[in-house]
2 protein chains.
Amino acid sequence: MATKKKAAKPAAKKSAPSAAKSAASKTAAKKSTAAAKAPAGKKTKYVYTWGAAKADGNGTMKALLGGKGANLAEMTRIGLPVPPGFTITTEVCTYYYANRKSYPQELQAQMEAGVRNMEKIMDSKFGDAKGLPLLVAVRSGARDSMPGMMDTILNLGLNDQTVLSLAAVTKNERFAWDCYRRFVQMYGDVVLGVQKREGEDHEPFEVVIEDFKHEKYGKDIIDSDLTADDQKELVKRFKALVKERTGKGFPSDPWDQLRGAAGAVFSSWMNDRAIVYRRKYGIPAEWGTAVNVQAMVYGNTGETSGSGVAFTRNPANGVNEFYGEFLVNAQGEDVVAGVRTPEPVINMKKAMPKSYAELMKVRTILEKHFKDVQDVEFTVQEGKLFMLQTRNGKRTAAAALKFSMDMVKEKLIDWETAILRNPAEQLDQLLAPIFDAAEVKKVKAIATGLPAGPGAASGKVYLNADRAVLAEARGERVLLVRTETSPEDLRGMIAAEGILTSKGGVSSHAALVARQMGKVCVCGAAGVEIDYDKKTVTAGGKTFKEGDFMSIDGTAGTVYGGELKTAPSEIIAGIVSNDKAAKATEKFKGFTQLMKWCADATRMSVRTNADTPEQTRIALAFGAQGIGLTRTEHMFFEGDRIDAMREMILATNLPARKEALAKLLPYQREDFTGIFKELKGLPATIRLLDPPLHEFLPHTKEQQLDLAKKIGVPVETIIQRVHDLHEFNPMLGHRGCRLGIAYPEITEMQARAIFEAAADVAKKKIKVKPEVMIPLVGFKKEFDLQAEIVHRVAKEVMGEKKVKFEYQVGTMIEVPRGALTADQIAENAEFFSFGTNDLTQTALGISRDDMGAFLMPYTESDVFKKNPFATLDTVGVGQLIETAVSKGRKTRPDIKLGICGEHGGDPESVVFCHQVGLNYVSCSPYRVPVARLAAAQAALAEKRASGAKPAAAKKAAKPAKKAAKKK
Amino acid sequence: MATKKKAAKPAAKKSAPSAAKSAASKTAAKKSTAAAKAPAGKKTKYVYTWGAAKADGNGTMKALLGGKGANLAEMTRIGLPVPPGFTITTEVCTYYYANRKSYPQELQAQMEAGVRNMEKIMDSKFGDAKGLPLLVAVRSGARDSMPGMMDTILNLGLNDQTVLSLAAVTKNERFAWDCYRRFVQMYGDVVLGVQKREGEDHEPFEVVIEDFKHEKYGKDIIDSDLTADDQKELVKRFKALVKERTGKGFPSDPWDQLRGAAGAVFSSWMNDRAIVYRRKYGIPAEWGTAVNVQAMVYGNTGETSGSGVAFTRNPANGVNEFYGEFLVNAQGEDVVAGVRTPEPVINMKKAMPKSYAELMKVRTILEKHFKDVQDVEFTVQEGKLFMLQTRNGKRTAAAALKFSMDMVKEKLIDWETAILRNPAEQLDQLLAPIFDAAEVKKVKAIATGLPAGPGAASGKVYLNADRAVLAEARGERVLLVRTETSPEDLRGMIAAEGILTSKGGVSSHAALVARQMGKVCVCGAAGVEIDYDKKTVTAGGKTFKEGDFMSIDGTAGTVYGGELKTAPSEIIAGIVSNDKAAKATEKFKGFTQLMKWCADATRMSVRTNADTPEQTRIALAFGAQGIGLTRTEHMFFEGDRIDAMREMILATNLPARKEALAKLLPYQREDFTGIFKELKGLPATIRLLDPPLHEFLPHTKEQQLDLAKKIGVPVETIIQRVHDLHEFNPMLGHRGCRLGIAYPEITEMQARAIFEAAADVAKKKIKVKPEVMIPLVGFKKEFDLQAEIVHRVAKEVMGEKKVKFEYQVGTMIEVPRGALTADQIAENAEFFSFGTNDLTQTALGISRDDMGAFLMPYTESDVFKKNPFATLDTVGVGQLIETAVSKGRKTRPDIKLGICGEHGGDPESVVFCHQVGLNYVSCSPYRVPVARLAAAQAALAEKRASGAKPAAAKKAAKPAKKAAKKK
């Protein structure tokens, strides 16, 4: 009865919704803690055996058996050749800590039964000093693999007697003593704690080896050159060391060894590194770890033996081929260690055709069973294949896409699962132009910075926007290199293939604009020194003049000297340039199919942040369902517009200001007309002027003199105005609706431009849906004052143009007070868009432009789990969003809610947006596919958590699960 | 039955706790709205009469009768000679708007009864064309007096017939026709809406008068020179104007006139100005206004008549003397209008001894009845005294103090009421040095700015800190004049009598430091132009050189040229300088008594923000119960310390940084030792280093060169470091605990200085209670990292010094995320102190240093009701505080909660702090009395709201009520 109950529990745990995994599991874990404290009299099953196609456990029992134990049981169950063994459950770990590091009474008997089962299957005896002794590997196995914990002890069961029988049976004395020596060293280190002390430079066992080598050979030789006798001597010396350090002899009884190893695994659950790791990822200590005890098999017993690691399909490009490496007469660790160069696994076909054929069968069984590409380890011992491990294989974005498309065709998975199989955070790998891998191998990075705009770009270095534009006009490929960028560099950035800055973070102006435009960008590359006077860039000891080639990899954040070849991805070529060849590729077709499925799965819609008709066109091609943010100020930097803008700012009275604004009106109207035409009735959220006015004025004396001549104003006036407009904290200064309230005529001009454009387009029988957004609202009154102007102008324009169209007026929630008083603001605001960039800055009190100074210590000391400007701080900023959502909906149940901060393109943040019930997310055009994928995955995770298709949910819901964990 | 119900209701409304007044009254008002809609058949009492010592209403019925009506009824009831009249209740107003501007059926009959009552008492008839006609004044009367509403219509009841009988009976034809002319003009304007139209420059009635004067006299003559015939002609022309503009004749039936006037009062309740006012002060429209109809009496019928306005005691200095002005043969408006110069009211004693004696009796009755100083209006008509109005008199702080002390002695009020009678926001008037009033009259202000540090100061102008210090050393009185100040000016500010800046708001560095030190300060005086090169200040067309005298009044914000005499207040002299003469003054004794009473009434304690032993001493003398904030960085600006600080900042590696820190350690320890000694066991909250490091470095080339020489570092290094440390938004940059996390050695040094000082003092058997405060915490982890260092150092120091002392480690809550995650932070933090300056900046997204650019439009358009950096924004920032209080207490029920922002010295904000349950407020030393008074008032308001002493609560709870209204 008790056994059955236990067995049933893990399954119940498993069915907990994956999105709520952490919380639900914590409860479950607590329950089993209570169970572990039950009187020892009741017979609880603490040991789960597997072997010879039978297993007590199965793959769903990860909570009780750990990931490794559950998978070994599962492989055994489906008939794969797995060396037998048993798992000591996580409940024993819990018991161990709840009962002053003691074990349940019945554990020993159950372990003995487990060992007997292994002995029977392996036809050998644990501690056998006559025949082949049963040796075992002991490994930890938590629910998720966890760094910091004890890993593996091999060859357990060896002692001065069994080493002799092993040598005799295998007829390989050196092999036997090498195993023994390694075992004593590993056990002495991990279990008995014979480790480097304070003041010592090297591990004590290594010191013994070095000393012996020098003593005997007078020099350092490699371990494999040690003879059997050498190994014997080392075992002796190791044991003496153990005695000296611990005061006790090395345990020779295999059962003592086994109990000691299990205890070491449990102890390692509470070591510092494991605690730090659990704290970081929110894993409760109550979960505990399991211990796996498995019969040793050897791939190094001769030419009919070998070991390998492989993927059931190619994880780099996704091709359906068995892919991996293999070594004859070697153990698993030799394949990885790189001492000998392994062969492609296909060579096994010739070397050991029978085993290879068997492996091919295993491959098919594994994929059919796990319905995903597997990463396996195997050993062939004298012609007999053993599977040691299987787990889902890691893969590139390209491989993930191909796997998922192929497996739907093969009917291994359904289309929903296919969506979940493509990690959203990797998707832009598919979109980025890439350097030719062979080229990159030839060169060395000369600096590294932050990977701010994914992709690869080579170009001639230019240090200012004007020269960059000229060079581009001459047909050169340009790399714009600056300490940091500002709106004045915009034309230069447009002209450049890529942007490299020596200052600023992933949310700096350079990075923001780069992502907006899909430009390659490396920023904050501290090793890059720029001399504007000499027009040189120095990095990695090399100096580049303007016109010299440099290259940057915005996916990796690396900087190279010289030119490297790049190519656009097939997807960009197909969607943006409508390239037919690109469209015919399998990659393009797979991507398009994936996006179609996403559209079917999603609840939230995805919009784009776009300031021009061209950006709008690209975003729509990527599937955006409207514009979530048009920044009107970006429009002021093109051509002559900036002059009119400056005239407006320099105006000292209302009529002069209105005159300058009148010059800007037609430009703005033209922009909006273009955007409305592209949108064909899709909504466009247009934000009124946001940045402080000083951003538009020239700040160098030279530029000021130029402007003075151009617009006929004394240069002193310009200098004075720049001085007057200077702000201590521009982020918190005279910007947003504060401008429109101080200068209502600006709001009036912008509203007029929007509505005149809307009227003109509507007259051409094209639907328009303008949504006017008032920025930086913290007080209801601010919104009301601005909305009043917008509504009045709308009425005027409709009257003048004799046409009707729908429109909305709403606000950006981007200061905490706006979120906290959302109920009041919603009385008149028809939509909220969360400006999470500024909301993060204000809620955290952190300027993203100045964060560089403490980002490193903050990341290293775990204050930031992730950069809060890249991934939404759901605990703090998220709380404000939840407050605003609930207060806003309370006042106005049909209020439209979205997000237009940079977070709108971050998968984890998109999942949060889905969970709090936003209507849409908006991101830069090239992030639209990522957001669409993340939004679809969030919807599917929610659907599966609610009970639909529980069986398929398991592995699939990974991305959503991760996000939930962060919360 | 129905009548009784109605009468009972206002009393019930009155008993609502005053702190919750607004909400409770809204509910009550809604109920009466419903009642007003009841079928007209039920006889509701809509008219309340008074006269001849009888009144239907009384002083508590302000909700139903309005303030004026209730007070007139009350005065009548207590036997004072009030001209009879009646009040049409606020319920009629509600009915009027609920029923398409119609009146309840029974109103007319009730009004007729009201008129009959007046006729009987006045022995005259309404509309009497034979005998003396009864004329009435019609006035609006809301619960609180409210600008924007219709004020008064006098002489109603006059027409072409009654004017003749009035002339006959008074034997004064000119008087009668003047009354009639004024009535037609007033009624035509206010009731019939004959007003200036768009495009017209003048009021139409005034145009008629001007035209007539020029027509008849060929020039402009004054109104009183118009003859009876002129008035007759004007009445004719006025009536024609009314006919032309309205299409109807002027109403001649007195009843039509009366109904029209009542309608005009009700209509004015909904005019734009009234709506704006109500919105601003949160008065619900449902309250409505009452209408008062009162018999006219005349002070201008001859030498035995007269009018006056007076206070029952002197409202300027508080002396118990009848104080006011009086005119024989004049109406009330003549006394105020200033056409004739009124005489002191004492002169009445000779002019009309009988009436004066009667007035003295009234004075005593009023004070005994209202238990407060009254502001009265009266008229003597042919020897007979009439009281027209009484209300609580406005008063200066000095008068308020004396009134309250005297009235306790006179047993008119108890000590709790005395506390409530002193407006906390006025208290620092008592502390400020003042200009001699006579001197000020002789000169004219040459500029105005913000009153940033109350008081008056004269001194020689100096434009930089060094020269100011030298001048002060020469024995000069100094006025430091700068565009704005920075920490480098600190020594100059200490040396100066007063500080004048041309830039910056009430929360600028200058203002903050001025208040901290109790310095006189005017800041942001835009009219003051400073030329640092020429060393001149220009204002009001005058130019002052360094060394010339200027004077500033920091209470009024005015700037004067030349020297004006000042004197410190008796209270400062007594408490700070222990001046015996000052201590003997009545003012000093009254103040001390008030503070003693406050101590008895208060729940919250009051601490101080102090950085030096001297500031601490002053604050304790003012009754502070410990330090709520010591800013350790202020200590770094004195003497050589800044050099060691700069060495630390310029250090490029840890050992060099530690070496520089070691130099700072003894300085810091010494400061803390001094503070602990002053405190004698009272707690001291010490904040670790907060400002960004660049604030400590010199920013001009000259200073940089000086420093380079001084500390032997290449100037390029200094320039580079200044450049590296530059921040875009320093407020949100590398400061607060972010410094301590990046440079733990700074935290370690500061902790060591604090604890070594504590240990040294503790060894001398003086108790110490250090509370170490980690600034700018937004993440629990930030707190934990810093607290770990502090706890470790505490343990070390106690071990080294072999002494034990108690200490706490807590944090400042000053970014929204800190408040939102207070439950997490409280796990290890033992106290929270709300840093409301920064919390306001971040919650509102507003930099207080940059707010000047939009403060004006924001105040004018009512976005800000009050400057949020002066008075806490309880809706937004307050919500964060409430969240942090409740989350903090949930985790740690005994967590200590306080506030140390500038708001800790603002009375309205102190009341909020009491309401949310903080343990203490902390403010600058000279604000301590204000905070103590406000805290006591908050506690008393709460006590009275809870039901204790309901009778006395009414007028007393004013300050608390105001704060609650803002919420």
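If you measure heavy-atom distances from Glu782(B) to chain A, the contacts under 4.5 Å come from both the backbone and the side chain. Only the side chain of Leu785(A) comes within contact range of chain B, with heavy atoms under 4.5 Å apart. Proximity to chain B (any heavy atom under 4.5 Å) is shown, for Glu814(A), by neither the backbone nor the side chain. With a threshold of 4.5 angstrom between heavy atoms, Asp873(A) approaches chain B through side-chain atoms but not through N, CA, C or O.
The neighbour count for Glu788(A) CD, taken as heavy atoms of other residues, nucleotides or ligands under 6.0 Å away, does not exceed 12.
The minimum heavy-atom distance linking Thr842(A) with Gly845(B) is given by the pair CG2-CA, 4.0 Å.
Looking at heavy atoms from C-beta onward, His734(A) lies out of side-chain contact with Asp850(B) at the 4.5 angstrom threshold. In this structure the side chain of Glu727(A) never reaches within 4.5 angstrom of the side chain of Phe728(B), judged on heavy atoms. Contact check for Val875(A) versus Thr821(B): side-chain heavy atoms found under the 4.5 Å cut-off.
When Val815(B), Asp784(B), Leu820(B) are compared by the number of non-hydrogen pairs under 4.5 Å with chain A, Leu820(B) comes out ahead. Ranked by heavy-atom pairs under 4.5 Å with chain A, the first of Leu839(B), Ile741(B), Leu880(B) is Ile741(B). Put simply, of Lys780(B), Met851(B), Lys781(B), the one with the most heavy-atom pairs under 4.5 Å next to chain A is Lys781(B). Between chain B and the residues Gln879(A), Met731(A), Arg817(A), the largest count of heavy-atom pairs under 4.5 Å involves Arg817(A). Comparing Ala742(A), Ser847(A), Pro857(A) by heavy-atom pairs within less than 4.5 Å of chain B, the highest count is held by Ser847(A). Ranked by non-hydrogen atom pairs under 4.5 Å with chain B, the options Gly876(A), Ala853(A), Gly736(A), Ala843(A) are led by Ala843(A).
Note that CZ of Arg848(B) is 10.0 Å distant from CG of Asn729(A), once rounded to the nearest 0.5 Å.
In this structure, Tyr858(B) has its ring center no closer than 6.0 Å to that of Phe779(A).
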